[in-house]
Amino acid sequence: MQIKVKLDNGKEASYPEGTTCMDLYREKAAEGKNLTAVLVDGEECDLNAPLPEDSKVEFVDFESPVGAKVYRHSASHVLAHAVKRLYPQVKLGIGPAIENGVYYDFDFEEPISSDDLKAIEKEMKKIVKEKLPIKRREMSREEAIAFFEEKGETYKLELINEMPEDEVISCYEQGDFIDLCTGPHLPHTGMVKAFKLTSLAGAYWRGDENNPMLQRIYGTAFPNKDQLNEYLAMLEEAKKRDHRKLGRDLDLFSLHEEGPGFPFLHNNGNVIWQELTDFWRQEHRRAGYEEIKTPLILNRSLWEQSGHWDHFRENMYFTNIDEQDYAVKPMNCPGAMLVFRSKMHSYRDLPRRIAEMGIVHRHELSGTLQGLLRVRSFTQDDAHIFMLPSQVEQEVGGVIDLMDRFYSIFGFTYRVELSTMPEKAMGTKDMWDKATSLLERVLQSRDISYRLNEGDGAFYGPKIDFHLEDCMGRSWQCGTIQLDFQMPEKFDLTYIGEDGEKHRPVVIHRVIYGAMERLLALLIEHYGGRFPVWLAPVQASVIPVTDRTHDYGRQVYEKLKSFDFRVELDDRNEKVGYKIREAQVKKVPYMLVVGDKESESGEVAVRHRDQGDLGAEELDAFIEKLQAEIEEKRI
RNA sequence: GCCGACGUAGCUCAAUGGCAGAGCAGCUGAUUUGUAAUCAGCAGGCUGGGGGUUCGAAUCCCUUCGUCGGCUCCA
């Protein structure tokens with residue numbers, strides 16, 4: 001009997017019944033293709049499984065996401081195998097492929113240290129050399145339980161016990177190593193060509209802090225040495241862009257033992273900050289926002305009223321004034337509620353868009369602090385929009401437009417997520433459903449694709465989050481739009497409707513930059529310290545060639561200053577090359593070299609940090625161009 | 001908070017139980033310089049803090065603070 005199979009090149013072929021994926025795989029591999037997996041009818045397929053009749057077969061290599069996953073998953077088994085050989089008593093956790101690599105969680109009898117990774121890597125190389133065939137083995141539930149019980153693999157037993165009754169329990173075997181795994185895998189261990197163990201970390205079993213902490217070994221794997229080295233070089237390159245390093249080198253900010261998580265902004269960083277907030281104010285005025293400022297410390301009773309006392313207390317700082325309890329604000333909303341409530345509103349007053357650059361303090365766990373990306377005190381570009389229920393869709397849409405306006409100025413790409421009702425939530429399920437579907441409707445009407453994040457909403461309402469991607473492909477939550485039917489109730493907010501009766505307004509909380517500190521970190525890394533001219537702490541450095549041209553250099557410097565450019569005069573007794581190098585290292589966008597020629601002609605010799613020497617130009621012409629570049633916020 | 005690693009001059013790093021050092025940055029002087037580093041000299045330290053072991057500690061041990069990589073959490 002023959003079976004018919006449709007291949008990925010569109011051709012149909014027939015094979016004897018019982019032909020496996022492996023047979024086809026061998027046939028393809030013999031053609032010199034570097035395959036890692038086979039997809040049957042779009043599903044990852046075990047290589048030893050016989051092909052079903054009329055199936056569609058595709059072959060994938062490392063370049064496809066599925067191929068990379070299979071490849072790296074096999075690498076994770078090689079890792080576990082090596083660890084098991086070196087530490088026979090170790091208990092296995094899980095070991096999936098992740099973006100750019102793999103990890104595997106282990107419960108060691110005695111904790112290992114990162115020095116031990118070398119020996120493990122060496123053992124992995126041996127296993128690769130042995131070219132052990134990787135075979136799938138299916139077991140009955142009883143068989144599997146008995147097997148892993150005998151091996152003392154308590155974590156695997158936990159996984160098996162939670163599998164649905166009818167699930168096929170499959171294991172993969174290579175040499176003397178067997179692991180519970182759905183697969184599929186590479187045909188043999190010799191195919192795992194280039195890998196490196198990168199770090200050792202702690203990780204709670206199944207991500208739950210109440211569970212024991214396992215040791216997680218991270219690594220990465222590629223089909224060849226070149227690709228591995230390229231990846232490692234990319235990591236090195238990213239390190240150079242690290243905002244903590246650039247923050248120090250460019251004198252933007254600092255962090256001190258005296259205030260962990262409380263960043264100090266230096267003049268250079270503050271210049272960028274001010275530009276960002278100036279731009280923010282301008283755009284918000286245009287978009288019809290007012291701006292307020294509310295106190296940092298407010299009485300406990302306010303936090304009880306807002307619900308923060310019940311829902312956010314672990315993250316708050318407290319103090320005592322005149323024998324009364326006070327809290328440092330962790331959010332700006334209660335302050336904004338008080339401002340709104342301080343006068344009567346007609347429906348004609350709404351929507352009221354009230355913005356605040358609000359400084360908030362949150363007690364984050366010490367282990368989570370990270371430069372400016374994760375801090376304990378930060379400034380939110382907050383705003384609360386108070387509106388009629390009928391205005392919600394339009395207002396949410398307006399905020400989305402504003403988000404896009406800001407992010408595109410910086411050249412960021414972003415991803416949208418919709419977060420729904422969490423466990424610790426205020427309000428009824430019905431209100432939440434209503435609010436959530438409303439947000440969904442706005443996103444859908446604008447054709448914005450989004451990811452659903454079940455149970456991740458704020459305690460007072462569902463939210464739309466905007467995640468910006470940084471240069472390393474990590475994403476950070478910045479903008480968020482949170483719908484709130486709770487706060488208006490808690491604070492008994494009202495407006496007088498057309499009917500002369502009191503009604504309840506709806507509130508949205510939103511930030512666009514998110515946290516100024518995080519945004520600054522992101523911008524530093526995004527631009528690698530080469531800020532666009534509108535943001536650059538120093539926009540131009542005037543470099544006289546000799547003492548003879550110091551006076552002319554000063555004239556140029558003064559003129560540029562009179563146009564409000566941020567400019568420096570480098571009249572130190574140094575060679576031109578030295579001054580240029582220094583300006584380049586500080587990533588100053590423009591260097592203006594002035595020597596005898598320029599001082600006679602009234603020109604400046606313009607050098608751009610990226611384009612190099614641009615030649616001499618009339619000073620007025622340069623000023624005009626610089627103004628335009630700043631005005632347009634050119635990237 | 002938890003797991004692992006680390007903490008030496010402003011920065012990057014040496015010194016592994018026996019006198020704490022280099023490069024860059026800084027300061028002083030010479031040099032008058034044309035598109036990424038001129039030369040010479042000087043200064044810079046309670047080796048994160050506290051305790052211990054030792055004749056002797058940057059080095060070994062304990063503790064505490066901080067930092068880094070993760071986990072959990074989040075703007």
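Given the structure is predicted, the values throughout are model-derived calculations rather than measurements.
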N or O in side chain of A:Y103 less than 4.0 angstrom from B:rG69 OP1/OP2: no

Sugar-phosphate, base or nothing in reach of A:S113, heavy atoms under 4.0 Å: sugar-phosphate

Sugar-phosphate, base or nothing in reach of A:A583, heavy atoms under 4.0 Å: nothing

Between B:rA30 and B:rG69 - P atom distance, rounded Å: 47 Å

RNA chain B: 5'-proximal contact among A:P111 and A:T546 (nearest heavy atom): A:P111

Gap in Å between the two C1' atoms, one belonging to B:rG26 and one to B:rA9, rounded: 11 Å

Sugar-phosphate, base or nothing in reach of A:Y218, heavy atoms under 4.0 Å: sugar-phosphate

Polar pair under 3.5 Å, donor/acceptor by atom type, side chain A:Y204, base B:rG70: no

Between A:D382 and A:N332, a side-chain donor and acceptor under 3.5 Å: yes

Sugar-phosphate only, base, or nothing, as touched by A:T368 at under 4.0 Å among non-hydrogen atoms: base

Any donor-acceptor N or O pair under 3.5 Å, side chains A:Y218, A:R216: yes

N or O in side chain of A:R248 less than 4.0 angstrom from B:rU12 OP1/OP2: yes

Distance between P atoms of B:rG10 and B:rG17 (Å, rounded): 27 Å

B:rA57 pairs with, by Watson-Crick or G-U criteria that keep both distances under 3.5 Å: none

Atom-pair distance (NE2 on A:H363; P on B:rC74), nearest Å: 16 Å

Exam field: side chain A:R244 to backbone A:G371, donor-acceptor pair closer than 3.5 Å: no

Heavy-atom donor-acceptor pair, A:E598 side-chain to B:rG34 base, under 3.5 Å: yes

No-hydrogen, no-angle side-chain donor-acceptor test under 3.5 Å, A:E598 and A:T549: no

Options B:rU72, B:rA5, B:rG34, nucleotide nearest the side-chain atoms of A:S114: B:rA5

Ring centroids of A:F378 and B:rA75 base under 5.5 Å with planes under 30°: yes

For B:rG1, the Watson-Crick or wobble counterpart (both distances under 3.5 Å): B:rC71

P-based separation of B:rC46 from B:rU59 [nearest Å]: 15 Å

Polar side-chain contact A:R216-B:rC71 base: donor and acceptor under 3.5 Å: no

Sugar-phosphate only, base, or nothing, as touched by A:V576 at under 4.0 Å among non-hydrogen atoms: sugar-phosphate

Short side-chain N/O contact to B:rA75 OP1/OP2 from A:Q477, under 4.0 Å: yes

Touch class at under 4.0 angstrom, heavy-atom based, for A:G207 against every strand present: sugar-phosphate

Nearest-angstrom distance from the residue atom CG of A:L255 to P of B:rC65: 18 Å

Residue A:K69 excluded, over 12 heavy atoms near NZ under 6.0 Å: no

Atom-pair distance (CG on A:D547; P on B:rU32), nearest Å: 10 Å

Sugar-phosphate only, base, or nothing, as touched by A:E574 at under 4.0 Å among non-hydrogen atoms: base

Below 4.0 Å: OP1/OP2 of B:rA75 and any side-chain N or O of A:T480: no

B:rA36 and B:rU28, which share atom name P, separated by this distance in whole Å: 27 Å

Side chain of A:D613 (C-beta onward), nearest among B:rU35, B:rG69, B:rA37: B:rU35

Sugar-phosphate only, base, or nothing, as touched by A:V375 at under 4.0 Å among non-hydrogen atoms: base

Pair A:H526 and A:F412, ring centroids less than 6.0 Å apart: yes

C1'-based separation of B:rU12 from B:rG7 [nearest Å]: 14 Å

Sugar-phosphate only, base, or nothing, as touched by A:K463 at under 4.0 Å among non-hydrogen atoms: sugar-phosphate

Who pairs with B:rC11 - Watson-Crick or G-U, where each distance is under 3.5 Å: B:rG23

Sugar-phosphate, base or nothing in reach of A:G577, heavy atoms under 4.0 Å: sugar-phosphate

Minimum-distance nucleotide to A:L365 side chain [options: B:rU32, B:rA36, B:rU72]: B:rU72

Of the listed nucleotides B:rG34, B:rA75, B:rA36, the one nearest the side chain of A:V585: B:rA36

Span that lies between the P atom of B:rC60 and that of B:rG18, in whole angstrom: 11 Å

Nucleotide opposite B:rU38 in a Watson-Crick or G-U pair, distances under 3.5 Å: B:rA30

Check: A:Y590/A:E629 side-chain N/O donor and acceptor closer than 3.5 Å: yes

A:Y578 or A:G612, whichever maps to the more 5' nucleotide of RNA chain B: A:G612

Side chain of A:E364 - closest among B:rC74, B:rG4, B:rC71: B:rC74

Base-pairing mate for B:rC46 - Watson-Crick or G-U, with both contacts under 3.5 Å: none

B:rC74 OP1/OP2 closer than 4.0 Å to side-chain N/O of A:R362: no

Flag for A:D404-A:Y414: side-chain donor and acceptor within less than 3.5 Å: yes

Shortest side-chain distance from A:R548, nucleotide among B:rG34, B:rU35, B:rU32: B:rU32

Touch class at under 4.0 angstrom, heavy-atom based, for A:D465 against every strand present: nothing

Sugar-phosphate only, base, or nothing, as touched by A:K579 at under 4.0 Å among non-hydrogen atoms: nothing

A:L520 CG - B:rA75 C1' separation (whole Å): 14 Å

Whole-angstrom distance between B:rC11 and B:rG70, as gauged at atom C1': 27 Å

Among B:rC71, B:rA36, B:rA75, the one nearest A:R374 by side-chain distance: B:rA75

Steps toward salt bridge (Lys or Arg N to Asp or Glu O under 4.0 Å) verdict (A:K597, A:E603): CA-CA 8 Å; A:K597 280 181 280 180; A:E603 292 179 317; over 6 Å; no

Min side-chain heavy-atom separation A:V533-A:L626 under 4.5 Å: yes

